[in-house]
Amino acid sequence: MATPAQRVRAPSTAAKGEIFEIKALITHQMETGLRRDGAGKLMPRKIINAFSCRYNGELIFSVDLHEAVAANPYLEFYARAQESGTLEFAWHEDGGAVYTTQQSLTVT
Amino acid sequence: MSIGDSMTRRAVLSVTALAGVALAMRPARGAPDLEIALAEQLFGRTPVPSGRLRLDMPPVFPNGYTVPLALDVDSPMTEADHVRTVHIVAPRNPLIRVASFHFTPRSGRARISTRIRLAEPQNVIAVAEMSDGSLLMAKTWVEVEVNGCS
(Lines give C-alpha, C1' and ligand atoms only; values in the text may rest on other atoms or scores of the structure.)
Protein backbone atom coordinates (compact mmCIF):
# COMPACT_ATOMS: atom_id res chain seq x y z
CA MET A 1 0.00 0.00 0.00
CA ALA A 2 1.32 3.47 -0.83
CA THR A 3 2.32 5.69 2.09
CA PRO A 4 -0.65 7.85 3.07
CA ALA A 5 -0.36 11.47 1.98
CA GLN A 6 -2.26 14.08 3.93
CA ARG A 7 -3.18 17.62 3.03
CA VAL A 8 -5.35 20.40 4.33
CA ARG A 9 -6.94 23.47 2.77
CA ALA A 10 -7.62 26.29 5.21
CA PRO A 11 -7.29 30.04 4.93
CA SER A 12 -3.98 31.56 6.08
CA THR A 13 -5.75 34.69 7.35
CA ALA A 14 -9.13 35.33 8.93
CA ALA A 15 -10.92 38.12 10.72
CA LYS A 16 -11.42 37.71 14.46
CA GLY A 17 -14.72 35.95 15.09
CA GLU A 18 -15.00 34.73 11.52
CA ILE A 19 -16.08 31.11 11.05
CA PHE A 20 -13.97 29.54 8.31
CA GLU A 21 -14.02 26.23 6.49
CA ILE A 22 -11.29 23.59 6.61
CA LYS A 23 -10.94 20.72 4.16
CA ALA A 24 -8.80 17.74 5.12
CA LEU A 25 -7.88 14.75 3.00
CA ILE A 26 -5.62 11.75 3.46
CA THR A 27 -5.02 9.13 0.80
CA HIS A 28 -5.69 5.79 2.48
CA GLN A 29 -7.14 2.48 1.35
CA MET A 30 -9.29 2.13 4.49
CA GLU A 31 -9.10 -1.66 4.33
CA THR A 32 -12.34 -2.67 6.03
CA GLY A 33 -11.42 -6.16 7.17
CA LEU A 34 -14.34 -7.53 5.14
CA ARG A 35 -12.55 -8.11 1.83
CA ARG A 36 -10.87 -11.35 0.78
CA ASP A 37 -7.65 -11.68 -1.21
CA GLY A 38 -7.13 -13.88 -4.30
CA ALA A 39 -6.66 -16.95 -2.10
CA GLY A 40 -9.95 -16.30 -0.31
CA LYS A 41 -8.32 -15.16 2.93
CA LEU A 42 -9.78 -12.19 4.80
CA MET A 43 -7.55 -9.13 4.55
CA PRO A 44 -7.11 -7.56 7.99
CA ARG A 45 -8.71 -4.23 8.83
CA LYS A 46 -6.42 -1.23 8.53
CA ILE A 47 -8.11 2.14 8.57
CA ILE A 48 -7.62 5.69 9.73
CA ASN A 49 -9.65 5.48 12.96
CA ALA A 50 -9.40 9.05 14.26
CA PHE A 51 -8.82 12.62 13.10
CA SER A 52 -8.23 15.70 15.20
CA CYS A 53 -7.79 19.42 14.70
CA ARG A 54 -6.01 21.51 17.35
CA TYR A 55 -5.93 25.30 17.38
CA ASN A 56 -2.90 26.55 19.34
CA GLY A 57 -2.83 23.23 21.09
CA GLU A 58 -6.50 23.15 22.01
CA LEU A 59 -8.61 20.36 20.53
CA ILE A 60 -11.47 22.02 18.65
CA PHE A 61 -12.78 19.23 16.45
CA SER A 62 -12.27 15.49 16.18
CA VAL A 63 -13.77 12.48 14.46
CA ASP A 64 -13.94 8.76 15.27
CA LEU A 65 -13.89 6.95 11.92
CA HIS A 66 -15.09 3.38 11.39
CA GLU A 67 -14.95 0.98 8.45
CA ALA A 68 -17.88 2.60 6.64
CA VAL A 69 -15.98 5.82 6.01
CA ALA A 70 -14.98 5.85 2.33
CA ALA A 71 -11.39 5.25 1.20
CA ASN A 72 -9.27 8.43 1.05
CA PRO A 73 -11.26 9.96 3.91
CA TYR A 74 -12.35 13.49 3.15
CA LEU A 75 -13.58 15.88 5.83
CA GLU A 76 -14.96 19.41 5.61
CA PHE A 77 -15.54 21.19 8.90
CA TYR A 78 -15.44 24.65 10.48
CA ALA A 79 -13.52 26.68 13.05
CA ARG A 80 -13.96 30.09 14.64
CA ALA A 81 -10.99 32.45 14.27
CA GLN A 82 -9.93 33.80 17.68
CA GLU A 83 -6.18 34.42 17.87
CA SER A 84 -3.26 33.98 15.49
CA GLY A 85 -1.31 30.77 15.72
CA THR A 86 -1.16 27.26 14.37
CA LEU A 87 -3.73 24.72 13.30
CA GLU A 88 -2.47 21.15 13.72
CA PHE A 89 -4.12 18.17 12.10
CA ALA A 90 -3.57 14.52 12.96
CA TRP A 91 -4.82 11.28 11.46
CA HIS A 92 -4.44 8.10 13.56
CA GLU A 93 -4.09 4.75 11.82
CA ASP A 94 -4.85 1.26 13.19
CA GLY A 95 -1.53 0.02 14.58
CA GLY A 96 -0.49 3.39 16.00
CA ALA A 97 0.93 5.40 13.10
CA VAL A 98 0.01 9.08 13.19
CA TYR A 99 0.11 11.36 10.16
CA THR A 100 0.18 15.09 10.79
CA THR A 101 0.30 18.42 9.07
CA GLN A 102 -0.07 21.99 10.22
CA GLN A 103 -0.84 25.45 8.96
CA SER A 104 -0.33 28.95 10.29
CA LEU A 105 -3.29 31.23 10.80
CA THR A 106 -3.08 35.01 11.11
CA VAL A 107 -6.13 36.56 12.77
CA THR A 108 -6.69 40.27 12.21
CA MET B 1 -22.11 1.63 26.30
CA SER B 2 -18.72 1.86 24.63
CA ILE B 3 -19.17 4.08 21.62
CA GLY B 4 -15.97 2.71 20.11
CA ASP B 5 -17.33 -0.82 19.56
CA SER B 6 -18.06 -1.86 16.01
CA MET B 7 -21.65 -3.01 15.86
CA THR B 8 -22.61 -5.74 13.46
CA ARG B 9 -25.74 -6.17 11.42
CA ARG B 10 -26.62 -9.27 13.51
CA ALA B 11 -26.78 -7.05 16.59
CA VAL B 12 -29.05 -4.66 14.68
CA LEU B 13 -31.39 -7.50 13.74
CA SER B 14 -31.62 -8.53 17.38
CA VAL B 15 -32.51 -4.96 18.34
CA THR B 16 -35.14 -4.91 15.58
CA ALA B 17 -36.62 -8.17 16.85
CA LEU B 18 -36.66 -6.78 20.38
CA ALA B 19 -38.34 -3.58 19.19
CA GLY B 20 -40.90 -5.65 17.31
CA VAL B 21 -41.75 -7.71 20.40
CA ALA B 22 -41.95 -4.63 22.63
CA LEU B 23 -44.27 -2.86 20.20
CA ALA B 24 -46.48 -5.93 19.79
CA MET B 25 -47.09 -5.88 23.53
CA ARG B 26 -48.39 -2.29 23.51
CA PRO B 27 -51.68 -1.10 22.02
CA ALA B 28 -51.18 -0.13 18.38
CA ARG B 29 -50.29 3.55 18.17
CA GLY B 30 -48.89 4.00 14.67
CA ALA B 31 -46.04 2.61 12.56
CA PRO B 32 -43.07 1.34 14.65
CA ASP B 33 -39.93 3.47 14.25
CA LEU B 34 -37.05 1.01 14.12
CA GLU B 35 -34.47 3.76 13.76
CA ILE B 36 -35.49 5.30 17.11
CA ALA B 37 -35.31 1.87 18.77
CA LEU B 38 -31.84 1.32 17.30
CA ALA B 39 -30.63 4.73 18.48
CA GLU B 40 -32.01 4.01 21.96
CA GLN B 41 -30.06 0.76 22.04
CA LEU B 42 -26.82 2.42 20.88
CA PHE B 43 -26.92 5.61 22.94
CA GLY B 44 -28.97 4.70 25.98
CA ARG B 45 -31.53 7.50 25.65
CA THR B 46 -34.49 8.24 23.39
CA PRO B 47 -33.66 10.56 20.48
CA VAL B 48 -36.19 13.08 19.20
CA PRO B 49 -36.54 13.45 15.43
CA SER B 50 -35.75 17.12 14.74
CA GLY B 51 -35.60 19.42 11.74
CA ARG B 52 -32.70 21.22 13.46
CA LEU B 53 -30.48 18.31 12.44
CA ARG B 54 -30.22 18.23 8.67
CA LEU B 55 -28.73 15.14 7.07
CA ASP B 56 -28.16 15.64 3.34
CA MET B 57 -27.37 12.67 1.13
CA PRO B 58 -28.34 11.93 -2.47
CA PRO B 59 -31.59 9.92 -2.62
CA VAL B 60 -30.10 7.82 -5.44
CA PHE B 61 -26.38 7.24 -6.00
CA PRO B 62 -24.56 4.82 -8.31
CA ASN B 63 -21.44 4.10 -6.27
CA GLY B 64 -21.76 2.67 -2.76
CA TYR B 65 -18.01 3.04 -2.17
CA THR B 66 -18.05 6.81 -1.78
CA VAL B 67 -21.44 8.35 -1.05
CA PRO B 68 -21.43 12.05 -0.16
CA LEU B 69 -22.85 13.01 3.23
CA ALA B 70 -23.38 16.49 4.61
CA LEU B 71 -24.88 17.41 7.93
CA ASP B 72 -25.66 20.62 9.72
CA VAL B 73 -27.15 21.25 13.15
CA ASP B 74 -28.95 24.51 13.84
CA SER B 75 -27.11 25.55 17.02
CA PRO B 76 -25.49 28.77 18.31
CA MET B 77 -22.41 26.73 19.33
CA THR B 78 -21.90 28.73 22.52
CA GLU B 79 -20.57 27.29 25.77
CA ALA B 80 -24.12 27.25 27.08
CA ASP B 81 -25.74 25.71 24.01
CA HIS B 82 -23.83 23.60 21.50
CA VAL B 83 -23.65 20.25 19.77
CA ARG B 84 -21.23 17.82 21.46
CA THR B 85 -21.24 14.94 19.00
CA VAL B 86 -23.06 13.71 15.94
CA HIS B 87 -23.04 9.97 15.26
CA ILE B 88 -23.73 8.46 11.84
CA VAL B 89 -25.17 4.93 11.66
CA ALA B 90 -25.89 2.80 8.56
CA PRO B 91 -28.11 -0.02 9.87
CA ARG B 92 -27.89 -2.20 6.76
CA ASN B 93 -24.09 -2.16 6.50
CA PRO B 94 -22.20 -5.20 7.82
CA LEU B 95 -20.65 -2.88 10.43
CA ILE B 96 -23.21 -0.21 11.21
CA ARG B 97 -21.19 2.55 12.97
CA VAL B 98 -19.87 5.00 10.38
CA ALA B 99 -18.37 7.96 12.23
CA SER B 100 -18.76 10.24 15.25
CA PHE B 101 -18.02 13.94 14.88
CA HIS B 102 -17.01 15.74 18.10
CA PHE B 103 -17.57 19.49 18.08
CA THR B 104 -16.67 22.27 20.53
CA PRO B 105 -17.90 25.85 20.75
CA ARG B 106 -14.66 26.75 18.91
CA SER B 107 -15.96 24.81 15.91
CA GLY B 108 -18.23 27.79 15.27
CA ARG B 109 -20.61 25.65 13.28
CA ALA B 110 -21.79 22.07 13.70
CA ARG B 111 -21.50 21.31 10.03
CA ILE B 112 -19.48 18.68 8.17
CA SER B 113 -19.15 17.00 4.81
CA THR B 114 -17.63 13.60 4.15
CA ARG B 115 -18.01 10.44 2.08
CA ILE B 116 -19.17 7.07 3.35
CA ARG B 117 -19.66 3.48 2.19
CA LEU B 118 -23.12 1.94 1.95
CA ALA B 119 -23.75 -1.75 1.32
CA GLU B 120 -27.33 -1.46 0.11
CA PRO B 121 -30.25 0.95 -0.03
CA GLN B 122 -31.18 2.08 3.50
CA ASN B 123 -32.07 4.87 5.87
CA VAL B 124 -28.85 6.46 7.08
CA ILE B 125 -29.29 7.81 10.61
CA ALA B 126 -27.70 10.82 12.33
CA VAL B 127 -27.98 11.27 16.11
CA ALA B 128 -26.83 14.53 17.70
CA GLU B 129 -25.85 14.72 21.39
CA MET B 130 -26.51 18.26 22.62
CA SER B 131 -24.80 20.06 25.50
CA ASP B 132 -28.01 19.86 27.55
CA GLY B 133 -27.97 16.08 27.29
CA SER B 134 -30.79 15.77 24.77
CA LEU B 135 -30.52 13.64 21.62
CA LEU B 136 -31.77 14.79 18.21
CA MET B 137 -32.21 12.45 15.31
CA ALA B 138 -32.60 12.58 11.54
CA LYS B 139 -32.64 9.95 8.83
CA THR B 140 -32.50 9.95 5.06
CA TRP B 141 -33.09 7.19 2.53
CA VAL B 142 -30.22 6.51 0.12
CA GLU B 143 -30.65 4.15 -2.80
CA VAL B 144 -27.13 2.98 -3.71
CA GLU B 145 -26.74 0.81 -6.78
CA VAL B 146 -23.40 -0.88 -5.97
CA ASN B 147 -22.43 -2.47 -2.64
CA GLY B 148 -19.61 -0.31 -1.27
CA CYS B 149 -18.72 -2.63 1.59
CA SER B 150 -17.55 -5.66 -0.40
- Query: Between A:D64 and B:H87, does a side chain to side chain donor-acceptor pair (under 3.5 Å) hold up when you go through it step by step?
  - Reply: CA-CA 9 Å; A:D64 306 324; B:H87 306 280; over 6 Å; no
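Contact annotation for A:I47: neither backbone nor side-chain heavy atoms come within less than 4.5 Å of a heavy atom of chain B. A:A50 does not touch chain B: none of its heavy atoms, backbone or side chain, sits under 4.5 Å away. Within the 4.5 angstrom heavy-atom criterion, atoms from both the backbone and the side chain of A:L75 approach chain B.
Connection of B:L69 to A:I26 is established within a shared hydrophobic cluster, with ILVMFWY side chains joined at heavy-atom distances below 4.5 Å, either directly or through further cluster members. By the criterion of side-chain heavy atoms lying less than 4.5 angstrom apart, applied directly or through intervening Ile, Leu, Val, Met, Phe, Trp or Tyr residues, B:L135 is grouped together with B:L38 in one hydrophobic cluster. A:L105 and A:Y78 are assigned to two separate hydrophobic clusters, defined by single-linkage of ILVMFWY side chains at heavy-atom distances under 4.5 Å. Note on A:L65: it does not cluster hydrophobically with A:V98, by side-chain heavy-atom contacts below 4.5 Å among ILVMFWY residues.
Within the model, atoms NE2 of A:H66 and CG of B:N93 stand 12.0 Å from one another, a figure rounded to the nearest 0.5 Å.
Taking the six-membered ring where the residue is Trp, A:F61 and B:F103 present tilted rings, their angle falling between 30° and 60°.
The two residues B:V98 and A:V69 come nearest to each other via the heavy atoms O-CG2, 3.3 Å. For A:R80 against B:P76, the heavy-atom pair with the smallest separation is NH2-O, 4.1 Å.
In the displayed structure, A:R7 atom CZ is contacted under 6.0 Å by at most 12 heavy atoms of other residues, nucleotides or ligands.
Scanning residues 59-66 of chain B against chain A with a 4.5 Å heavy-atom cutoff picks out B:Y65, B:T66, ordered by number. Contacts with chain A (heavy atom to heavy atom, under 4.5 Å) involve these residues of residues 105-119 of chain B, listed by number: B:P105, B:R106, B:S107, B:G108, B:R109, B:R111, B:I112, B:S113, B:T114, B:R115, B:I116, B:R117. Along residues 8-22 of chain A, the residues that come nearer than 4.5 angstrom to chain B, judged on non-hydrogen atoms, are A:I19 in order of number.
Evaluation of the ring-ring contact (aromatic ring centres under 6.0 Å, His included) test over residues 39-58 of chain A, restricted to residues two or more places apart or in two chains, returns A:F51-A:F77, A:F51-A:W91.
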